Amino acid sequence: MSDLPILGAALNVNALETHRRLMLDKHRDLELQDFWPAEVLNGDWTPLVERAKSLLDGHEGRVGIHGPFWGFNIDSVDVDVRQVVRKRLLQGLDVCEALGATHMVVHSPYSTWDYNNLDNFENARERKVELCHLTMKDAVRRAEDIGCELVIENIEDKDPHARVKLAESFDSPAVKVSIDTGHAHYAHGSTGAPPVDYYVKAAGNALRHIHLQDADGYADRHWTLGEGTINWHAVFDALAKLDSNPRLIIELRDHAGLPASIANMAALGLAQ
């Protein structure tokens with residue numbers, strides 16, 4: 001059991017207080033999810049950071065946040081929208097610096113429509129990457145300065161390779177890849193994408209973060225691990241071949257399912 005990977009969790013600060021003992025028992029990696037709303041980022045988030053730091057006293061796992069994402073994409077053509085996205089990303093990184101966080105999740109710009117149409121327009125792939133660079137260049141520099149990784153998470157991505165190439169295009173240690181298992185399973189079941197373990201193989205050692213959730217291949221369920229239809233043996237077999245030590249973050253709709261998720265993966269002999 002001791003050689004198995006240790007599972008972390010995505011929690012808000014209130015849930016961290018509830019599950020604090022579980023998070024500290026094996027110094028599990030943590031992702032705080034209080035800091036993506038614009039209302040929080042535009043306000044005084046300092047007390048929330050201080051409360052989190054107090055709860056994390058004695059914690060030795062890695063800490064990160066889910067960055068802002070609601071209402072925008074990182075490849076916006078509109079120059080004014082890009083400025084808003086730039087602001088939000090930098091605000092998120094301000095939180096990371098105050099918290100001592102070393103990863104921030106950023107949502108992928110690739111959609112099912114892109115899969116069918118990027119090769120339908122001249123230079124569309126290159127243009128998409130260019131727009132992401134225009135939006136993210138300041139955030140990438142800031143992340144480099146504070147030792148934080150921007151991990152790009154698949155959302156609608158049907159092609160598991162596209163955002164890996166996007167991350168590589170920045171040629172920066174601060175831009176890496178994330179996978180959400182439920183998003184990948186949705187894409188597999190509903191849009192004909194490859195299975196989840198193929199996303200892991202496509203990312204290779206650029207993979208630094210993974211959201212673990214179970215699903216049915218139809219929707220973004222965020223079910224307790226073991227309650228859906230993801231082939232967890234295939235996923236963990238693929239993860240075992242990596243040297244990048246990605247954060248294994250359980251991300252559930254109901255935080256009460258966290259202990260059961262860990263227990264279910266332990267029962268399968270996959271994680272602890």
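None of these values were measured; they are calculated from a predicted model.
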Practice item. Output yes when a side-chain donor or acceptor of Asn123 lies under 3.5 Å from a complementary backbone atom of Glu126, and no otherwise. Key: no
Exercise for review: Give a yes or no on whether Asp171 atom CG has more than 12 heavy-atom contacts from other residues, nucleotides or ligands under 6.0 Å away.
Suggested key: no
Exercise for review: Please work out which of the three classes, parallel, tilted or perpendicular, describes the rings of His255 and His19, given edges at 30° and 60°.
Suggested key: perpendicular
Review point. So, Asp44 side chain and Thr46 main chain: donor-acceptor pair closer than 3.5 Å or not?
Key: yes
Check your understanding: Looking at CZ of Arg208 and CG of Leu242, how far apart are the two atoms once the value is rounded to the nearest 0.5 Å?
Key -> 11.0 Å
Review point. How far does CG of Asn116 sit from CG of Asp159, to the nearest 0.5 angstrom?
Key: 11.0 Å
Check your understanding: Can you name the closest pair of heavy atoms from Ala167 and Val177 and give their distance?
Key -> CB-CG2, 3.9 Å
Review point. What is the distance from atom CD of Glu251 to atom OG of Ser261, rounded to the nearest 0.5 Å?
Key: 11.5 Å
Exercise for review: Return the minimal non-hydrogen interatomic distance between Val140 and Ala174, and the atom names on each side.
Suggested key: O-CB, 4.1 Å
Study note, to complete from the structure: Tested for side-chain hydrogen bond (donor to acceptor under 3.5 Å, both in side chains) against Asp29, the lone hit among Arg62, Arg247, His103 is Arg62
Revision key, fill the gap. Separation between CE (Met265) and CG (Leu225), nearest 0.5 Å, reads 5.0 Å
Check your understanding: Do Asp114 and Ser111 have side-chain N/O donor and acceptor atoms under 3.5 Å apart?
Key -> yes
Check your understanding: Just by modelled atom types, is the Pro109 backbone N or O under 3.5 Å from a matching donor or acceptor in the Lys128 side chain?
Key -> yes
Exercise for review: Kindly indicate whether the side chain of Asn264, heavy atoms from C-beta on, has any atom under 4.5 Å from the side chain of Thr224.
Suggested key: yes
Check your understanding: Any side-chain donor paired with an acceptor under 3.5 Å for Asp214 and Trp232?
Key -> yes
Review point. Just by distance, with hydrogens left out, do Glu149 and Thr102 show a side-chain donor and acceptor under 3.5 Å apart?
Key: no
Review point. Are side-chain heavy atoms of Ile74 and His107 found at a separation under 4.5 Å?
Key: no
**Study point:** Spatial distance of atom CD1 (Ile210) from atom CG (Asp180) [nearest 0.5 Å]
**Key:** 8.5 Å
Review point. For Met136 and Leu89, which heavy atoms make the closest approach, and how far apart are they?
Key: CG-CD1, 4.0 Å
Review point. Hey, are the side chains of Ile249 and Leu30 touching, using non-hydrogen atoms and a 4.5 Å cut-off?
Key: no
Point to revise | Test side-chain hydrogen bond (donor to acceptor under 3.5 Å, both in side chains) applied to Ser108 and Asp157, Asp75, Asn154, Asn73, the passing residue | key: Asp157
**Study point:** Full working for salt bridge (charged side-chain N to carboxylate O under 4.0 Å, His left out) between Asp197 and Lys201
**Key:** CA-CA 6 Å; Asp197 59 302; Lys201 294 170 184 175; 3.3 Å; yes
**Study point:** Donor-acceptor pair between Asp220 and His222 side chains, under 3.5 angstrom
**Key:** yes
Exercise for review: Consider only side-chain heavy atoms of I, L, V, M, F, W and Y, link residues closer than 4.5 Å, and tell whether Phe35 and Ile146 are in one cluster.
Suggested key: yes
Check your understanding: When you check the side-chain N and O atoms of Asn14 and Arg51, is any donor under 3.5 Å from an acceptor?
Key -> yes
Review point. Between the side chains of His185 and Thr229, does any donor sit under 3.5 Å from an acceptor?
Key: yes
Review point. Linking I/L/V/M/F/W/Y whenever their side-chain heavy atoms sit closer than 4.5 Å, directly or via other members, would Leu16 and Leu258 fall into one cluster?
Key: yes
**Study point:** Lys NZ or Arg CZ of Lys158 over Tyr110 ring: under 6.0 Å, within 45°
**Key:** no
Practice item. Find the distance between NE2 (His209) and OG (Ser178) and round it off to the nearest 0.5 Å. Key: 4.5 Å
Exercise for review: Check for a donor-acceptor pair, side chain of Ser54 on one end and backbone N or O of Glu50 on the other, with a separation under 3.5 Å.
Suggested key: no
Point to revise | Atom CH2 of Trp113 with >12 non-hydrogen neighbours under 6.0 angstrom | key: yes
**Study point:** Option passing side-chain contact (heavy atoms from CB on, under 4.5 Å) with Gln213 (candidates His183, Arg253, Glu227)
**Key:** His183
Practice item. Measure the shortest side-chain to side-chain distance between Pro5 and Phe236 over non-hydrogen atoms and say whether it is less than 4.5 angstrom. Key: yes
Review point. So if you build clusters from Ile, Leu, Val, Met, Phe, Trp, Tyr with side-chain heavy-atom gaps below 4.5 Å, do Leu93 and Phe72 land together?
Key: yes
Review point. Should Val175 and Ile155 be regarded as members of a common hydrophobic cluster, given that ILVMFWY residues are connected when their side-chain heavy atoms come within less than 4.5 Å of each other, either directly or indirectly?
Key: no
